[in-house]
Trainee: 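The structure is given below, and queries will be raised subsequently.
Note that the coordinates shown come from a computational prediction; the quantities given were computed from them, not determined experimentally. Lettering of chains follows the sequences in order, A, B, ..., and the numbering in each one begins at 1.
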2 protein chains.
Amino acid sequence: MPAEDRATPKWRPRQRTLKSFQAEFDFSLKAICTRMLERHRDTIRTQKPHVAVAKLMPIIQTTLTLANRKGFHSMSLRDLATESGLSMGALYTYFDTKDTLLMMILGEVSSAVSEALGSPPEGFADNPAERLHWLLETHIYLTEVMQPWFVFAYMEAKAFPKEGREKATKSELLTEKMIADALADGVESGLFSVGDVEFTASLIKPLLQDWYVKRSKYRRRGISPEQYVQAVTEFVETAIRCQSEPLPRKRHRANHRSETAAAAAS
Amino acid sequence: MPAEDRATPKWRPRQRTLKSFQAEFDFSLKAICTRMLERHRDTIRTQKPHVAVAKLMPIIQTTLTLANRKGFHSMSLRDLATESGLSMGALYTYFDTKDTLLMMILGEVSSAVSEALGSPPEGFADNPAERLHWLLETHIYLTEVMQPWFVFAYMEAKAFPKEGREKATKSELLTEKMIADALADGVESGLFSVGDVEFTASLIKPLLQDWYVKRSKYRRRGISPEQYVQAVTEFVETAIRCQSEPLPRKRHRANHRSETAAAAAS
DNA sequence: TAAAAATGCGAACGCTCGCTCGTTTTATGC
DNA sequence: GCATAAAACGAGCGAGCGTTCGCATTTTTA
């Protein structure tokens, strides 16, 4: 039951959906593993690209599954070999160290963040609310598509070599900075009423993280990515909206409060 | 610079502080280890209570430090023995298994949650806003006082034996349920405007978790627990407030928006 | 102060880990 | 269809893990 189906008063702009995001970016396992191969031609000893990608896919897939279940450290390479249908020796043609495997995954996560969030559509200069909405929306759709990757990065980053921690931290701060910038924009143009934009940005961030860290909770409740986008946007906008004037936004529906209520009630 | 010191218009109610929370509950390391000993007299082989508590303290302290740095699994008992100033053998008079050590810590966390959040002051029946405020405040102060414990529970719970996971999950759901109840109360009395109370509660939760999971971030920014309480309360209340009538609350200051702005700006 | 109880100690054990390497199997080119 | 290169294999290595246990040391008791 997509939100678009219900009766709506008057005018309804086209909402960006998970599907439209997926049409825009290719974050499929295959695509990611292809990029991964390109970035690690030096450590991956397999010559033929199509063979390498074909084997990388189950390796990475299984790694994410096992590591997210028990922790990366607790996942033994023997388990990984068995589950992914390879031998111990074969694994080592795709990485030279268990830590390298970790870094390969972290690298794809942070580059995915840069790619998806790094190039916002133009024309946001005069519309901070829409810019903020785009940020939240894009982040949620990205982490939806790459959920196990982001959980992995979130849970394992701190435990590991310095380089990995820095990569994760930098990626996190980038997101927070972008939110803060959008907020600052809105404050400047008098649309938002925010005391400390950076502090507020750091309150918004956990709302985005919860979507992938606690994904199963929302799945259990039947909350779709689109519904989550709407709820978070609304929650945030209501909290930061300048009381004196309402927030006009092209893409947003008029009577949004009661509507989310209906959408959210499973 | 506590909030109480600044000039304030007219009437100012006494705000609950971290200090007043600490006066109410004893969640010092010593107190927790004492409770821990009582709960595990069967597995702790040391006879004299004061000896047991005296040794438990460095053991637990070190465990939290090392596990939060590298992960519980990656922390070896040899490291733990060295850092806590005991021998391998001595460790095993305080727990019979590494997993037991984990469970002992998880147990204290979940019982601390029950104790602190389980008995709200009376007189909230007719004031949902204050009830919600009390919940957020208490949770934030509790996790401030026991920060390493909560980080430990948050990061390690999923990786470990079924019993541990269930304990953590149950504790989490309890908190969420309490928030949802307070929200439902507010909706019923017309003070809050919330579509799905459970969904909204699950959006509020990550705001509470962020305080201890990302504690260093807020420390770096010079945000005090009191400031965080105020910011989160405000953020949430603004988002859920029923537009038609304002939220009257005994303990809240009048001009709170601009004030938080000042407080939050380091 | 000597006997007894409580506690601390750390080498040793069995096991699993990440990782290597000589061999076997599969794919490619002529 | 054979020679050669590419890839997969899996037993074996040393290291480090959690855990044990007999004995040394400290503390209490009488």
Trainee: Does Phe72(A) have Lys98(A) sitting over its ring (NZ/CZ under 6.0 Å from centre, angle to axis within 45°)?
Mentor: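 Yes, Lys98(A) lies over the aromatic ring of Phe72(A).
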Trainee: Using the closest heavy atom to pick a nucleotide of DNA chain D for each, name whichever of Lys98(B) or Arg45(B) lands nearer the 5' end.
Mentor: Lys98(B)
Trainee: With sequence neighbours excluded, tell me which residues meet ring pair (Phe, Tyr, Trp, His ring centres under 6.0 Å) with Tyr154(B).
Mentor: none
Trainee: Under a 3.5 Å cutoff, is there a donor and acceptor pairing between the side chains of Thr97(B) and Asp99(B)?
Mentor: no
Trainee: Return the set of residues passing salt bridge (charged side-chain N to carboxylate O under 4.0 Å, His left out) with Asp181(B) (not counting sequence neighbours), or none when no residue passes.
Mentor: Lys177(B)
Trainee: Round to the nearest Å and state the distance from Gln47(A) atom CD to dA7(D) atom C1'.
Mentor: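 Spelled out: CD on Gln47(A) to C1' on dA7(D) is 10 Å.
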Trainee: Which heavy atom of Phe152(A) sits nearest to which heavy atom of Ala67(A), and what is that distance?
Mentor: CE1-CB, 3.5 Å
Trainee: What is the ring orientation for Phe25(B) with Phe27(B), classed by angle as parallel under 30°, tilted 30 to 60°, or perpendicular over 60°?
Mentor: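 Parallel, since the angle between the ring planes stays under 30°.
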Trainee: What is the 5' to 3' range of DNA chain C, first to last nucleotide, that sits under 4.0 Å from any heavy atom of chain A?
Mentor: dC17(C) to dT28(C)
Trainee: Under 4.0 Å, heavy atom to any atom of DNA chain C: which of residues 75-83 of chain B qualify?
Mentor: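 Residues of residues 75-83 of chain B under 4.0 Å from DNA chain C: Arg78(B).
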Trainee: For DNA chain D, which residues in residues 48-69 of chain A have a heavy atom at a distance below 4.0 Å?
Mentor: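 DNA chain D contact set from residues 48-69 of chain A: Lys48(A), Lys55(A).
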Trainee: Applying ring pair (Phe, Tyr, Trp, His ring centres under 6.0 Å), name anything that partners Trp149(B), two or more places apart in sequence or on another chain.
Mentor: none
Trainee: With sequence neighbours excluded, what pairs up with Glu83(A) under the salt bridge (charged side-chain N to carboxylate O under 4.0 Å, His left out) test?
Mentor: none
Trainee: Looking at Tyr218(A), Tyr228(A), Phe150(A), which hits ring-ring contact (aromatic ring centres under 6.0 Å, His included) with Tyr212(A)?
Mentor: Phe150(A)
Trainee: Give the rounded distance in Å between these two atoms: CD1 of Ile44(A) and C1' of dA6(D).
Mentor: 15 Å
Trainee: Do any pairs count as a salt bridge (charged side-chain N to carboxylate O under 4.0 Å, His left out) and have a residue in residues 142-154 of chain B, sequence neighbours left out, and if so which ones?
Mentor: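 Sorted result for residues 142-154 of chain B: Glu144(B)-Arg215(B).
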Trainee: Using a heavy-atom distance cut-off of less than 4.0 Å, which residues of residues 85-95 of chain A contact DNA chain D?
Mentor: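 Residues of residues 85-95 of chain A that come under 4.0 Å of DNA chain D are, in numerical order, Leu86(A), Ser87(A), Met88(A), Gly89(A), Ala90(A), Thr93(A), Tyr94(A).
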Trainee: Apply ring pair (Phe, Tyr, Trp, His ring centres under 6.0 Å) to Tyr94(A) and list each qualifying residue two or more places apart in sequence or on a separate chain.
Mentor: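 With sequence neighbours excluded, Tyr94(A) shows a ring pair (Phe, Tyr, Trp, His ring centres under 6.0 Å) to no residue whatsoever.
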Trainee: Which pairs, with at least one residue in residues 35-44 of chain A and sequence neighbours excluded, count as a side chain to side chain donor-acceptor pair (under 3.5 Å)?
Mentor: Arg39(A)-Glu108(A), Arg39(A)-Ser111(A)
Trainee: Sequence neighbours left out, what pairs pass side chain to side chain donor-acceptor pair (under 3.5 Å) with at least one residue falling in residues 48-72 of chain A?
Mentor: Lys70(A)-Asp79(A)
